[in-house]
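Structure first, commentary second.
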Amino acid sequence: MRNDPDMPIYRKGFGLKDEVTEELQKEYRSAVIQYLRENGFSLQVEGLRILLAKEFGFCYGVDRAIDYAYETRRMFPEKTLYITYQIIHNPRVNSKLREMGVRFLSGGEEGDRYSLDDVTPDDVVILPAFGASMDKMEELKKVGCTMVDTTCGSVMHVWKRVERYAKENFTSLIHGKYFHEETIATASHAMRFGEGRYIIVRDEQEAEYVCGFIRRGGDRVEFLEKFANAMSSNFNPDTDLVRIGVANQTTMLSSESLHIAKMIQEAMEDRYGAEHIKDHFRSFDTICSATQERQDAIIELGAKDPELILVVGGYNSSNTNHLCEIALRYAPTYHISDVDCIVSEAELRHKPFGEKEEIVKQGWMPRGEVTIGVTAGASTPDKVVSEVIERLLECRGYHLEDVIGNVPALGA
Ligand code: SF4
């Protein structure tokens, strides 16, 4: 079952899917959501209409990662299990893993943080859906522990792309967040071959700064200070912005990623001439299809004119934050991490887009007739979305069963 007999790394599960399915369904799935998916993605009672996005919740990468984590617990019931970071950015899922005895090497909570020094060759370490850096992999190999790698195929696709840039002597320009685990791992792969180099730009403003340097050159010291945390240690803006390949963190705002690629291309054309662009510029859209579908679905939902939109998901989830960014174009939008954020019809806890801390909003739900749009990030279980819908109905005095009756059980 191991891919390489010399390396204790499992990448294909343990064939225990059937044994964990029931538990996974109980923890994360919802018959109510299945019913709503099959019945128009909407629910209406007097005074309240709830519209669900056509795509939301767990993506294929998250599904697979959680499945492997549960299979790993079954496969190694007596072993100490670690995970390099949160398996996905969802508090409920991570706390469930903690209950199953999985220890966090980073991203854990107070009193629940372990380090690589704690890991022994007898232990098992899970790598999360967004992967781990090459340095981290090397460290774990040195320990000699067993590894279960749940890295999503779409993330590995980005790694292959930046590795190719490195082989072709192109600098990887990554649209992403330099502190995000996926981008840290991608950056490490951009250094894998030859004279690999990378620079990470977070948004169009940073891309514009790089474009200015491509066109006219500039203050090297200022450049190095500005991107101090977001470039390879050997980076030289005078020589490393001559051949650029663009890639992106899989969960970024896709329209922004495409625009940044275009900005870089135009800067290269201005500097070297459109006829030489192939020698100076490469681009490949590496937004994953799940992210794209969820972003398209919130646009479709927004066009239906809801009075407000609830986006459900972990506050540190990149794709969930981008859903908020899009939703805000259409209606007041509240990012909530779980159902308990809906305190009452009057009070709601939420994280405003672009902020780090949760705040309390009074009078969030308009009185009288209201249409509320609901979506959820790729790391949010259906069960949480179902509970949110139930709570919305309760705010208006309805019980879910009275509204939709007894829905068929999952798998029935
Ligand atoms: S958001 Fe995309 S890249 Fe990330 S785990 Fe899901 S499918 Fe994979």
Side-chain angles (χ1 to χ4, degrees), residues 11-13 24 28-29 53-72 83-94 97 107 126-133 148-163 172 174-190 200 246-258 284-299 311-326 335 337 375-382 384-385:
R11 292 197 167 98
K12 294 182 178 166
L24 289 171
Y28 305 119
R29 294 298 179 190
K54 296 267 171 68
E55 291 288 345
F56 63 90
F58 278 5
C59 58
Y60 48 87
V62 162
D63 250 340
R64 179 176 166 277
I66 296 175
D67 185 292
Y68 280 14
Y70 275 64
E71 285 193 35
T72 304
I83 187 159
T84 54
Y85 192 74
Q86 300 174 1
I87 190 153
I88 57 169
H89 288 137
N90 184 273
R92 202 185 286 197
V93 177
N94 288 312
L97 288 187
I126 300 169
L127 309 174
F130 26 65
S133 71
V148 178
D149 184 358
T150 77
T151 307
C152 176
S154 294
V155 174
M156 289 198 271
H157 178 64
V158 189
W159 294 353
K160 284 195 189 114
R161 178 57 47 177
V162 296
E163 285 173 3
S172 290
I174 304 163
H175 175 217
K177 296 166 186 157
Y178 71 81
F179 48 83
H180 191 285
E181 306 76 32
E182 181 193 316
T183 294
I184 292 168
T186 297
S188 74
H189 281 266
I200 301 164
V246 178
N248 40 262
Q249 189 179 311
T250 54
T251 51
M252 297 304 277
L253 193 59
S254 95
S255 54
E256 189 174 46
S257 281
L258 292 173
F284 200 84
D285 176 11
T286 52
I287 297 288
C288 75
S289 58
T291 296
Q292 185 69 61
E293 286 161 8
R294 280 152 188 72
Q295 292 182 3
D296 291 346
I298 189 66
I299 291 170
V311 180
V312 192
Y315 290 151
N316 58 348
S317 159
S318 170
N319 78 86
T320 310
N321 277 289
H322 289 305
L323 291 178
C324 290
E325 189 173 2
I326 298 171
H335 181 176
S337 62
T375 189
S379 45
T380 307
D382 277 1
V384 178
V385 182

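For ligands, and for the atoms within them, numbers begin at 1 and follow the listed sequence.
Taking the six-membered ring for Trp and thresholds of 30 and 60 degrees, H189 and W159 have nearly parallel ring planes, at less than 30 degrees apart.
Checked by atom type and distance alone, the side chain of R92 never pairs as donor or acceptor with a backbone atom of T380 at under 3.5 Å. A donor-acceptor distance shorter than 3.5 angstrom exists from the side chain of R294 to the backbone of G57, with no hydrogens or angles considered.
Of all atoms in ligand 1, numbered sequentially from 1 with element shown, those under 4.0 Å from a heavy atom of Y60 are 7 (S). Close approach to S154 involves these atoms of ligand 1, each under 4.0 Å from a residue heavy atom: 3 (S). Counting the atoms of ligand 1 from 1 in the order shown, those under 4.0 Å from a heavy atom of T250 are 3 (S), 4 (Fe). In summary, the atoms of ligand 1 found under 4.0 Å from a heavy atom of C288, numbered by their order in the structure, are 1 (S), 2 (Fe), 3 (S), 7 (S). For ligand 1, the atoms closer than 4.0 angstrom to any heavy atom of C59 are 1 (S), 5 (S), 6 (Fe), 7 (S).
At a threshold of 2.8 Å, atom 2 (Fe) of ligand 1 has no backbone or side-chain N, O or S atom of C152 nearer than that distance.
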Query raised in the report: Yes or no on side-chain contact (heavy atoms from CB on, under 4.5 Å) for Y68 and I126, after CA distance, side-chain angles and deciding distance?
Result: CA-CA 9 Å; Y68 280 14; I126 300 169; over 6 Å; no
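Taking the six-membered ring for Trp and the full ring otherwise, the centers of Y85 and H180 sit at least 6.0 Å from each other.
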